[in-house]
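Would you mind keeping the following structure in view while I ask a few things?
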Amino acid sequence: MSTEITTAPVTTIATLGQHEGQTITLRGWLYNLRSSGKLLFPTFRDGSGTIQGIVPKAAVSEEVFETLKNLTLESSVVVTGKVRADSRAPSGFELDVENVTVTQRIADETPYPISLKEHGVDFLMEHRHLWLRTPRQSAILRVRATIMRAAAEYFDTNGFIRTDPPILTPNACEGTSELFEMDYFDDDKAYLTQSGQLYIEATALALGKVYSFGPTFRAEKSKTRRHLTEFWMIEPEVTYLDLDGLMGLAEGFLTHIVTRVLETHRADLKVIGKEVSRLEAVAAPGEFPRLSYDEAHQMLVEAHAKGLIENAHTYGDDFGSPDETYISNQFDKPVMVHRYPAEVKAFYMQPDPNDPTKALCVDVLAPEGYGEIIGGSQRVDSYDLLKSRIEQHNLPLAAFQWYLDLRKYGSVPHSGFGMGIERAVAWICGLEHVRETIPFARTLNRIYP
RNA sequence: UCCUGAGUAGCUCAAUGGCAGAGCAUUCGGCUGUUAACCGAAGGGUUGUAGGUUCGAGUCCUACCUCAGGAGCCA
């Protein structure tokens with residue numbers, strides 16, 4: 001082992017292919033170590049990928065060989081070696097190791113807890129801070145970053161202004177979900193936001209096309225693969241936009257995100273195990289199917305008659321999780337279900353002028369049974385109607401005075417939607433559970449680490 | 001909140017009511033092309049907690065704790 005700082009150029013594993021035949025330096029960790037007598041096969045990772053090194057005893061100093069031979073997994077190292085193409089390597093390249101400097105060697109008495117074998121969910125979540133280092137989890141976080149960037153990029157390049165709403169709010173935005181409550185100085189209570197929608201309706205009336213992007217919180221005791229208590233939501237709000245225009249916006253938005261992921265993350269999707277053809281079908285030319293609530297209901301009735309779904313859907317009720325799964329499985333692209341019964345939807349949704357019992361709203365259901373990833377609507381723009389809706393829902397009128405002002409002073413038709421980032425990541429990556437889509441998931445039974 | 005299931009070595013899991021085991025990880029030894037390498041050896045246990053039944057409980061009963069899956073609600 002050398003204590004000198006190497007003079008070879010530092011590079012990353014992801015770009016090793018550009019340095020074939022050159023001696024380079026990697027800064028990373030020992031991911032795995034196999035040996036065959038006088039031949040060592042250390043695999044290194046550096047956050048961009050993994051690469052197998054080759055260390056024949058005769059090719060390096062006794063010190064380097066012994067250091068690597070006795071190195072513990074996940075110890076941090078700086079490795080110098082020559083990049084060589086090899087058909088036996090999964091990435092096509094191997095590293096002929098010349099020198100190694102150990103930054104920190106993990107002690108024998110405290111081996112790295114996460115092995116390359118299988119682990120249970122509870123153990124992995126308890127060690128999430130270390131689980132993040134595994135190739136699959138790192139790949140998911142890279143795709144997440146691209147999804148978030150592409151989502152913001154779509155609005156930024158289409159004339160939207162980002163206006164982020166407050167995290168601390170004085171009341172329930174929609175008067176429904178359970179909220180996280182806290183003391184706000186003297187006598188007041190504050191709540192963590194569950195949606196920025198009402199606030200960006202205000203900024204939309206100031207700026208025209210706006211969006212917000214930030215964390216939201218739900219204290220619901222939901223315990224499923226689709227729920228987190230803290231999740232990220234991106235929400236556009238646009239003036240003079242009707243429901244049809246909103247569906248077009250959602251379509252362009254999702255297509256852009258999927259296209260961006262396909263452009264730069266094919267290798268990551270392979271590590272994750274996602275079938276890329278399913279995403280290519282979404283990005284391909286062609287509109288997303290649009291289904292009215294009535295049409296979707298009819299589809300479920302027929303499916304039940306054929307014995308394809310267990311429970312009959314009652315007209316007028318919202319769709320359950322198995323219903324959404326069935327509907328989305330009928331299409332290759334995300335399906336947009338619109339005009340639900342107003343009774344099962346939020347108070348701020350505009351009634352359909354052709355049928356006032358329906359709301360001008362849309363749920364976008366992701367393919368492959370991932371359920372609702374986007375929910376949106378045209379908003380009530382009449383002062384009197386909104387006021388009576390607030391009263392009907394037994395919401396405190398005083399708290400919504402500012403929201404009513406938006407209908408008193410230059411009200412216009414406007415629409416918006418919200419997309420849960422984690423559900424989008426789960427769908428695009430093909431994950432079983434949203435807890436893997438965010439660095440540190442907050443769920444009903446877990447707030448550590 | 002309701003329904004269902006699971007807690008045994010650091011990890012993943014075995015064990016008819018009758019001596020608490022294996023693989024991986026760790027340590028030691030062997031192997032010049034391994035791909036979660038392989039071969040040999042060693043160390044490693046208050047079977048989630050508290051009671052109960054029994055000659056005898058990881059196993060049966062009761063309560064509790066923790067976690068998971070689903071429902072409802074939602075993105």
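Not measured: the values here are computed from a predicted model. Letters A, B, ... are given to chains in the order of the sequence lines, protein chains preceding strands, and every chain is numbered from 1.
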Give the rounded distance in Å between these two atoms: NZ of K57(A) and P of G33(B).
16 Å
Go through U32(B), A75(B), A71(B) for me and flag the one nearest to the T224(A) side chain.
A71(B)
Which residues pass the salt bridge (Lys or Arg N to Asp or Glu O under 4.0 Å) test with R278(A), sequence neighbours left out?
none
Under-3.5 Å donor-acceptor pair between E432(A) side chain and G69(B) base:
no
Here the distance between atom C1' of A75(B) and atom CZ of R226(A), to the nearest Å, is 10 Å
What is the distance, to the nearest angstrom, from the NZ atom on K221(A) to the P atom on C73(B)?
18 Å
Look for any protein N or O under 3.5 Å of an N or O in nucleotides 7-13 of chain B and output each such pair with its distance, or none.
residue	atom	partner	partner atom	Å
C11(B)	O2'	E118(A)	O	3.4
C11(B)	O2'	H119(A)	ND1	2.5
U12(B)	OP1	G120(A)	N	2.8
U12(B)	O4'	E118(A)	O	3.4

Of residues 147-156 of chain A, the positions that come close to RNA chain B - non-hydrogen atoms, cut-off under 4.0 Å
none
Could you state the atom-to-atom distance from CG of D317(A) to C1' of G72(B) in whole Å?
12 Å
Compare the minimum distances between each of U34(B), G69(B), U26(B) and the side chain of F41(A), then state the nucleotide with the smallest one.
U34(B)
Under-3.5 Å donor-acceptor pair between R423(A) side chain and C74(B) base:
yes
Check salt bridge (Lys or Arg N to Asp or Glu O under 4.0 Å) between D46(A) and all other residues, then give those that pass, not counting sequence neighbours.
none
For E422(A), all residues meeting salt bridge (Lys or Arg N to Asp or Glu O under 4.0 Å), sequence neighbours excluded
R144(A)
Partners of H227(A) by ring pair (Phe, Tyr, Trp, His ring centres under 6.0 Å), sequence neighbours excluded?
none
Can you tell me which residue pairs pass the ring pair (Phe, Tyr, Trp, His ring centres under 6.0 Å) test with a partner in residues 24-57 of chain A, sequence neighbours excluded?
none
How would you list, by chain and number, every residue that makes a ring pair (Phe, Tyr, Trp, His ring centres under 6.0 Å) with F417(A), sequence neighbours excluded?
F253(A)
RNA chain B: 5'-proximal contact among G420(A) and H433(A) (nearest heavy atom):
H433(A)
Of the candidates U32(B), G70(B), U27(B), the side chain of K223(A) sits closest to G70(B)
Measure all distances between protein nitrogen or oxygen atoms and nitrogen or oxygen atoms of nucleotides 46-49 of chain B, and list the pairs falling under 3.5 Å.
none

Measure centre to centre between the rings of F213(A) and F155(A), then say whether the value is under 6.0 Å.
no
Using the test ring pair (Phe, Tyr, Trp, His ring centres under 6.0 Å), find all partners of F440(A) that sit at least two apart in sequence or belong to another chain.
none
L116(A) has its side chain closest, among A36(B), A75(B), U32(B), to A36(B)
Atom-to-atom span, CG of D323(A) to P of C73(B) - whole angstrom
11 Å
Assign each of G418(A) and S321(A) the nucleotide of RNA chain B bearing its closest heavy atom; nearer the 5' end lies the nucleotide of S321(A)
Any strand, both distances under 3.5 Å, Watson-Crick or G-U wobble: A68(B) pairs with U4(B)
By ring pair (Phe, Tyr, Trp, His ring centres under 6.0 Å), which residues pair with F123(A), not counting sequence neighbours?
H119(A), H127(A)
Provide, to the nearest angstrom, the distance between the NZ atom belonging to K69(A) and the P atom belonging to U27(B).
12 Å
E181(A) meets the salt bridge (Lys or Arg N to Asp or Glu O under 4.0 Å) criterion, sequence neighbours left out, with K189(A)
Quick one, Y293(A) with H338(A), criterion ring pair (Phe, Tyr, Trp, His ring centres under 6.0 Å). Give me CA distance, side-chain angles, the key distance, then yes/no.
CA-CA 6 Å; Y293(A) 172 88; H338(A) 56 86; over 10 Å; no
